[in-house]
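Worksheet: one structure, shown below.
Numbered from 1 within each chain, the chains take letters A, B, ... in sequence-line order.
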Amino acid sequence: MPEQLIFAMEVTLNGLMAGVLYALVALGFVLIFKASGIFNFAQGVMALFAAMTLVGIMDGQVPFSHLINAIFGTDLHHFGWHIPALLAIVLTTGVMVGLAWCVQQFVMRHLVNQPPIILFMATIGLAYFLEGLSDLMWGSEIKNLDVGLPQGINLWIDEVTFNIFGYGFFIDNLDIVATIIAALLVVSLMAFSQYTKEGRAMRAVADDHQAALSVGISLNFIWVLVWSLAGFVALVAGIMWGTKSGVQFSLSLIALKALPVLMLGGFTSIPGAIVGGLIIGVGEQLFEFAIGAPYFGGATQNWFAYVLALIFLVFRPQGLFGEKIIERV
Amino acid sequence: MFYREAGDFKTSYIDDGQTFPIRFDRYRFYAVLAVAFLVVPFIVGDYTANAILLPFLIYAIAAIGLNILTGYCGQVSLGTGGFMAVGAYACYKLMTAFPEVSIFIHVILSGGVTAAVGVLFGLPSLRIKGFYLAVATLAAQFFLVWLFNRVPWFYNYSASGQISAPEREVFGVAVTGPHTEAWATYLFCLVFCLGTGLVARNLTRGTLGRSWMAIRDMDIAAEIIGVNPLRAKLTAFAVSSFFVGIAGALFFAVYLGAVEVGEVFGIQKSFLVLFMIIIGGLGSIFGSFAGAAFLVLLPVILKLVGVNLLGFPTDIVAHFQLIIVGSLIILFLVLEPHGIARLWNVTREKLRLWPFPH
Amino acid sequence: MLDASTPPQTQAETLLEVSNIEVIYDHVILVLKGVSLKVPKGGITALLGGNGAGKTTTLKSISNLLRSERGEVTKGRITYMGEPIHDSDPSVLVRRGVIQVMEGRHCFEHLTVEENLLTGAYTLGVSKAEIQQNLELVYSYFPRLKERRKSQAGYTSGGEQQMLAIGRALMSKPEMILLDEPSMGLAPQLVEQIFRIVKSVNENEGVTFLLAEQNTNVALRYAHYGYILESGRVVMDGLAADLRENPDVKEFYLGMSDEGRKSFRDVRSYRRRKRWLS
Amino acid sequence: MLDDSEGYVTTDGRKIGGVVMEMKNITLRFGGVVAIKDISFDIREGEIRAIIGPNGAGKSSMLNVISGFYVPQEGEVWFRGAKRPPMKPYEVARQGIARTFQNIALFEGMTVLDNVMTGRLTQMSQNIFTQALWKGKAEKEEVENREMAEKIIDFLEIQRIRKTPVSRLPYGLKKRVELARALVAEPKLLLLDEPMAGMNVEEKEDMSRFILDVNDEFGTTIALIEHDMGVVMDLSDRVVVMDYGKKIGDGTPDEVRRNQDVIDAYLGVAHD
Amino acid sequence: DLTIPALNYRTGPYAPSGIPYADGFSDYMTLINERDGGVGGERINVLECETAYNTEKGVECYEQTKGEGALVYIPQSTGITYQLIPKASADQIPIWSVAYGRTSAVNGKVFEWVFNLPVTYWDGASVAVKYAMEQEGGSLEGKKIALVYHNSAYGKEPIRTLEALSEKHGFELVLLPVDHPGQEQKAQWLQIRRERPDFVFMWGWGVMNQVAIQEAANIRYPMDKFIGVWWSGSEADVVPVGEGADGYKSLTFHGAGTDFPALQEIKTQVIDAGKGAGDGTKWGEVGYNKGVYTAAVVAEAIRHAQEMAGTASITPVQFRDAMETLEVTDEEFEALGLGGFAPAISLSCESHSSPRLAAVQQWDAEAGTWTLVSDYMEPDFEIVDPLIEEDSMAYADENGIELRCD
Ligand SMILES: Nc1ncnc2c1ncn2[C@@H]1O[C@H](COP(=O)(O)OP(=O)(O)OP(=O)(O)O)[C@@H](O)[C@H]1O
Ligand SMILES: Nc1ncnc2c1ncn2[C@@H]1O[C@H](COP(=O)(O)OP(=O)(O)OP(=O)(O)O)[C@@H](O)[C@H]1O
Ligand SMILES: [Mg+2]
Ligand SMILES: [Mg+2]
């Protein structure tokens with residue numbers, strides 16, 4: 001087999017894996033959009049906040065220590081304990097639920113029935129707020145996140161492929177774990193939204209706030225629910241990306257990688273997020289490999305994802321799996 | 001008390017269609033203009049000009065531009081940073097290629113170049129709507145930044161990859177380059193700001209503005225009653241990019257003087273300008289100014305208060321700044337979802353009725 | 001024709017009472033200027049009146065959907081079964097049996113017809129089987145919905161959507177339905193059909209209706225009692241049968257002149273003053 | 001008398017001309033749903049033509065075909081003696097066909113006056129540069145068109161709400177504003193989709209008067225969909241009846257109301 | 001008081017790099033103030049201004065602080081440096097970009113107010129190649145070097161130098177840009193895995209550094225062949241990667257660790273006394289030491305300026321003059337408690353950079369320390385200087401600057 005082809009296969013596989021990581025972030029967006037028609041600009045920052053909180057809890061950091069020290073002249077930093085990863089994840093999930101409740105209580109409930117752009121704007125405010133809060137709470141230094149996920153080349157795949165092709169493929173263990181977790185998340189979320197009464201209510205709220213209110217669906221409850229779910233998904237994404245690149249501000253920028261995925265897959269579709277992620281992942285890696293790096297001098301990933309999404313959208317304006325836009329007069 | 005329509009009769013449709021139909025508003029506008037042109041230049045210092053007034057004026061131009069596209073025509077754009085970069089680089093190329101031509105013309109031409117690019121990236125808007133359209137504009141954002149970074153021709157093959165504005169003069173007074181006076185740069189930007197404001201106002205109160213708003217409010221119905229969506233959307237993209245391009249040119253040439261594209265015209269800039277119009281008020285020229293003022297001034301004020309008055313460490317102040325700006329945005333929304341402009345209008349309506357509650 | 005004489009206003013207990021409410025939108029627009037009405041249990045009460053009279057606003061202030069439109073009840077009180085309800089969340093009200101069918105149908109476009117109906121049962125904490133039973137009941141009133149159960153609500157016709165909206169409300173096993181303009185945009189046959197269904201739901205299931213209508217003619221034929229609202233005030237009320245005989249109501253709401261129905265062609269731009277406005 | 005291609009005079013003395021618009025064998029499908037099945041009918045100059053039928057019969061779809069918003073899979077549209085080539089909706093509007101919508105489609109973010117003025121867009125010709133300058137040509141054009149708009153506003157008696165944002169108007173007034181927006185385009189053919197839905201008798205009377213006056217004073221041809229049989233029977237010259245995409249009746253109001261198919265499918269009871 | 005504005009970035013995407021530096025700079029100045037009562041009797045007033053690494057905020061900081069008698073600006077960002085070069089030149093305030101900013105500012109004949117010491121990117125690229133050559137036994141003929149770089153003006157800085165050097169030494173140069181922010185670098189590292197370059201150089205920034213080092217570890221690239229520039233070689237870049245980062249190398253222009261009397265004094269007199277700018281955890285980190293280095297040189301320049309001017313309260317112009325004749329010998333460093341911390345400095349009117357030496361340091365993941373593994377090396381002046389000359393003359397032409405120092 002020609003070398004280029006083997007490389008292309010390796011790139012494709014890695015692209016698929018990268019796509020799953022994008023999809024994890026996109027999933028959080030989809031959940032909230034589906035349930036409330038809100039384009040949650042703060043999703044990336046939520047992932048950052050979740051990851052920071054997780055690390056903070058694990059390391060026994062004193063929250064707001066910086067502020068406390070500045071005001072009271074104290075010298076607090078650590079509680080001096082160390083909490084196992086699993087327990088810390090549970091605690092952080094609790095914090096994310098609390099955050100969801102706050103979002104509902106202080107933001108969403110005051111904005112029932114407002115047009116999408118206004119809700120979008122509220123999430124911008126939220127993003128600013130959370131960014132400031134996470135820094136103030138945990139400090140803006142980079143933190144190391146290690147919840148025990150395996151990382152590095154998967155030797156088994158390396159060996160197997162080496163025996164077949166004479167060239168061992170590189171697949172990152174972390175990506176494999178991410179793929180499994182993403183698959184689990186997607187299946188359970190889909191089942192939830194399709195087959196449970198809360199799931200149905202979520203979709204109803206997305207269609208028409210007022211009507212949902214009128215049949216007795218408590219928007220407050222649904223919103224706490226979806227924001228909690230989105231918070232949990234953000235935590236998962238935060239763990240994956242944080243393990244990869246450390247926990248610090250830039251983590252929130254992964255949202256930018258999720259946007260083209262979202263648009264390509266459709267804002268409202270959970271499977272769309274996954275399929276979109278895979279297409280973008282593979283597309284941008286292959287493009288960089290075959291065209292970008294050799295002919296354009298590389299670093300094409302950022303815009304290529306968007307251009308790819310754009311091309312798809314021209315043919316399917318609601319995204320691959322998005323709900324058909326009902327246009328009637 | 002003075003704020004009344006009553007007794008302020010219009011005798012012609014021309015009077016009725018003017019920019020400030022209420023006399024009090026009109027006089028106030030003239031007063032602001034007089035102060036801006038006749039008083040401020042004599043008292044403005046480096047700090048006020050470079051840290052507050054220039055960014056305010058330039059962002060206001062960009063915000064007006066984006067507001068035309070997003071607020072008036074309903075097309076969400078996240079490509080403002082990229083389009084500003086087009087304006088900046090066009091201006092740089094023009095300034096260095098034709099040094100004898102007036103910078104004034106260069107800035108306007110930069111707007112023209114940006115308008116052309118804007119139309120190109122506006123084409124997908126015919127099929128793609130709403131948040132999905134953001135993808136087209138984001139593609140523009142990332143692609144343009146990449147392009148300006150990639151192709152050395154754009155930065156005249158300089159070793160640093162940065163572009164720096166050479167010195168140019170208007171009426172013998174330097175407005176770009178190192179030896180500028182605060183008042184000169186301020187006036188230069190003010191003229192553009194006023195010009196774009198008036199043009200935007202003219203366009204939005206007339207035929208074109210109505211076809212934009214029709215498309216925004218209900219595009220299908222608009223098409224059925226006779227609005228050509230292609231034309232409406234593309235003109236919106238063109239006009240909007242024109243303004244944004246001018247803002248980009250001024251941002252580079254007059255305000256910063258040197259620019260590295262990814263850092264200055266990145267996606268953050270797109271979001272910043274979008275936030276301005278959303279906070280100021282979509283579909284309102286006044287809102288564009290208000291939003292620009294809000295997001296330029298608020299951080300500065302918070303910083304001055306936090307660091308200089310209260311003496312907090314700078315990083316804590318910076319974190320609080322984010323928290324406060326975020327909370328204020330949310331608070332504004334809860335109180336008045338349609339931005340500062342609407343808040344202002346409601347206050348005005350109450351004033352008009354005053355002292356009666358309804 | 002049907003005649004509404006049975007549960008007379010006076011005997012039945014009052015289920016809902018609105019007394020002297022004022023509603024302001026956006027902090028400045030005063031819409032209701034002191035509306036009072038009583039809805040007897042088990043009856044059909046009609047709220048009539050022209051455009052912008054405030055019918056929808058009245059219903060929404062009862063069901064507490066006003067707040068989401070930046071409206072506010074600033075005066076007066078609303079009691080349901082003797083208890084004040086103006087602070088209850090809409091979902092609490094639905095649990096307590098008050099549900100609104102909104103003007104303009106408001107179906108969940110992207111859900112199927114059946115899913116739409118199921119959302120109606122959201123507040124019921126009952127078993128699947130009971131919900132299924134409930135669903136069958138609704139389908140028995142609206143066989144058309146059963147045929148279209150799998151299609152997306154966004155693509156159903158106006159009549160079907162109206163049925164769907166009412167059916168959805170029925171799914172919550174309500175005590176009382178606030179029905180806003182059920183006849184709007186429906187073919188005459190369907191209007192009759194829907195009103196007949198309302199009537200039979202009222203009779204068979206004992207559901208109380210408060211219905212806002214423009215179509216005075218039909219409304220007064222099916223309702224027991226009526227209120228006429230104009231510019232945010234109740235200008236007249238009475239038994240439906242009496243209202244139908246009132247000369248003003250006849251002229252302004254039923255389009256009858258002394259010589260019987262007058263042709264729309266003959267209407268000219270004269271305008272008689274309504275007597276109650278004098 | 002319907003065969004008279006040159007037109008005829010009605011009992012109340014209005015002159016009805018020849019055929020202006022003819023729909024020939026229109027079939028329209030949405031995926032599996034057949035919204036319109038092989039329907040043909042015509043509209044004559046100066047007449048008021050009603051389209052009635054049960055909900056979901058395809059009436060609005062038919063108007064959408066005329067407006068060019070839906071493109072039928074089969075069939076032809078003839079307008080003023082010529083077969084209409086495929087056209088965008090805005091081009092149709094420029095040919096002098098204006099309409100209102102079933103679910104009010106006003107521009108909610110604009111005032112009444114601006115909404116009405118959008119109806120004049122087909123008549124506006126100034127380019128972007130003159131508009132940017134405003135003073136001069138653009139202003140002149142604006143004022144000329146404003147006069148027309150004001151005329152219609154007066155005619156429909158909505159002067160008082162000129163500067164009100166339409167989102168604040170009650171339903172009935174919105175319908176009237178929509179009519180104003182259509183009328184201000186000075187259409188040859190006016191399509192009204194349920195102009196009286198959600199109105200009480202008094203308002204229907206007002207609306208009827210407007211429709212008749214438009215027809216009388218401007219000689220506008222009108223096609224309207226309406227569910228109120230009283231209105232349809234009183235106003236229209238001829239009525240098309242549709243049921244589930246098929247045409248089941250076509251003729252004068254009297255003929256239609258005696259048609260047994262129509263009674264079964266739509267009226268429920270013989271209407272008198 | 002003498003005012004030194006500190007345009008720090010303790011927030012934003014690059015805060016992990018900005019915080020240690022800011023702490024180091026402040027803490028050293030605090031030490032000077034506390035221990036010596038300032039320099040020449042004048043206390044040093046460090047005026048912190050938060051830029052979040054954002055150019056506009058940088059401009060605002062500049063305008064805000066320049067009226068307070070700022071002696072020198074240390075912009076802490078290449079972008080801000082470029083903004084400030086014309087402004088500060090017009091306002092006659094010196095700028096010192098500490099191994100970033102405009103490389104050609106080395107030419108004092110053109111850039112009267114700008115200093116770029118101790119070393120420049122182009123020097124760095126050259127030193128990296130020299131080091132690689134040493135490792136390979138003196139020749140790079142037929143070898144392959146990959147450059148992973150931040151796709152921005154900063155990241156592209158070394159390319160020209162490396163191209164010239166590849167021609168001279170006959171190695172192949174593979175360019176691998178990474179777009180901002182750089183969280184996803186699969187494509188680049190798969191390519192490195194395929195092409196197996198003998199060395200990988202990195203001009204990275206922010207999160208890009210950690211990800212690159214992580215990916216290198218993932219593909220098991222030999223870490224001791226992976227060399228970053230000084231902005232890609234601090235604890236923030238390697239700690240998150242953990243074990244995998246062991247053996248990673250980077251360039252540096254100052255000593256690593258805490259074995260210097262001055263640092264120990266900072267620990268006891270500043271941090272332990274509760275007067276530290278930060279929480280003290282950054283003490284001795286690479287970024288912190290960079291801050292200490294910068295502060296020490298500034299303090300020395302002030303002392304020198306005071307001697308020259310004969311007055312304690314000096315002006316920016318006097319500071320500039322002092323910078324242009326600044327000599328910090330090894331002995332003087334020793335006296336400062338920083339013996340062996342950095343090579344001696346000697347500036348002149350023509351040359352606004354000195355000593356233009358860089359060393360290589362290596363990360364020991366287990367011990368969590370950086371150690372210098374090479375001497376301070378000179379760049380290949382033959383290659384670098386003409387490039388500097390060319391670029392600075394172009395700037396002079398463009399801006400009509402008359403050459404000075406004659
Ligand atoms: N959200 C709102 N904001 C401001 N004003 C409103 C709002 N909703 C309704 N109004 C005003 O309140 C008045 C009463 O409206 P309402 O909808 O209650 O009337 P209605 O009797 O239901 O009329 P219709 O028969 O047209 O439905 C109208 O004048 C309307 O313009
Ligand atoms: N855009 C569309 N996509 C799919 N189906 C459509 C679309 N528009 C209309 N239909 C279907 O076509 C059929 C006819 O619809 P239409 O709106 O024309 O009915 P109508 O006669 O106007 O009814 P009503 O009196 O309720 O307004 C309906 O079954 C409707 O669901
Ligand atoms: Mg109503
Ligand atoms: Mg219809």
**Asked** In terms of heavy-atom contacts, does CZ of A:Phe232 have more than 12 from other residues, nucleotides or ligands at under 6.0 Å?
**Response** no

**Message:** Is C:Ser172 close to chain A through its backbone or its side chain, or both, or neither, when contacts mean heavy atoms under 4.5 Å?
**Reply:** neither

**Prompt:** Can you tell me how far the OG atom of A:Ser214 sits from the CG atom of C:Leu59, to the nearest 0.5 Å?
**Reply:** 12.0 Å

**Message:** For a 4.5 angstrom cut-off between non-hydrogen side-chain atoms, does C:Leu118 reach A:Arg200?
**Reply:** yes

**Message:** Among C:Ile99, C:Ile131, C:Thr123, which residue has the highest count of heavy-atom pairs closer than 4.5 Å to chain A?
**Reply:** C:Ile99

**Message:** Tell me if a side-chain donor or acceptor on A:Asp207 pairs with a main-chain N or O of C:His110 at a distance below 3.5 Å.
**Reply:** yes

**Prompt:** Taking the side chain as C-beta and beyond, is there a heavy-atom pair between C:Asp89 and A:Phe221 under 4.5 Å?
**Reply:** no

**Asked** Between OG of C:Ser91 and CG of A:Asn220, what distance do you get to the nearest 0.5 Å?
**Response** 7.5 Å

**Request:** Return the option, out of A:Gln210, A:Glu198, A:Arg109, A:Arg203, with the maximum number of heavy-atom pairs under 4.5 Å with chain C.
**Result:** A:Gln210

**Fill in**
Between A:Ser218 and C:Tyr122 the two heavy atoms that sit nearest each other are N-CE2, 4.3 Å

**Engaged part of A:Ala212 at the chain C interface, taking heavy atoms whose separation is under 4.5 Å** = both

**Request:** Give the intermediate values and the outcome of side chain to side chain contact (heavy atoms under 4.5 Å, CB included) for residues C:Glu115 and A:Gln194.
**Result:** CA-CA 10 Å; C:Glu115 283 176 329; A:Gln194 212 61 38; 3.9 Å; yes

**Message:** Using every non-hydrogen atom in the two residues, find where A:Val215 and C:Val94 come nearest and quote the distance to one decimal.
**Reply:** O-CG1, 3.7 Å

**Message:** Tell me the closest heavy-atom pair linking C:Phe108 and A:Ala211, and the distance in Å.
**Reply:** CE2-CB, 3.7 Å

**Asked** Which one of A:Leu111, A:Ile217, A:Val205 has the most heavy-atom pairs closer than 4.5 Å to chain C?
**Response** A:Ile217

**Message:** Between C:Leu124 and chain A, with a heavy-atom cut-off of 4.5 Å, which part of the residue counts as in contact: side chain, backbone, both or neither?
**Reply:** backbone

**Complete:** From the list C:Arg168, C:Arg95, C:Arg67, C:Met171, the residue making the most non-hydrogen contacts under 4.5 Å with chain A is C:Arg168

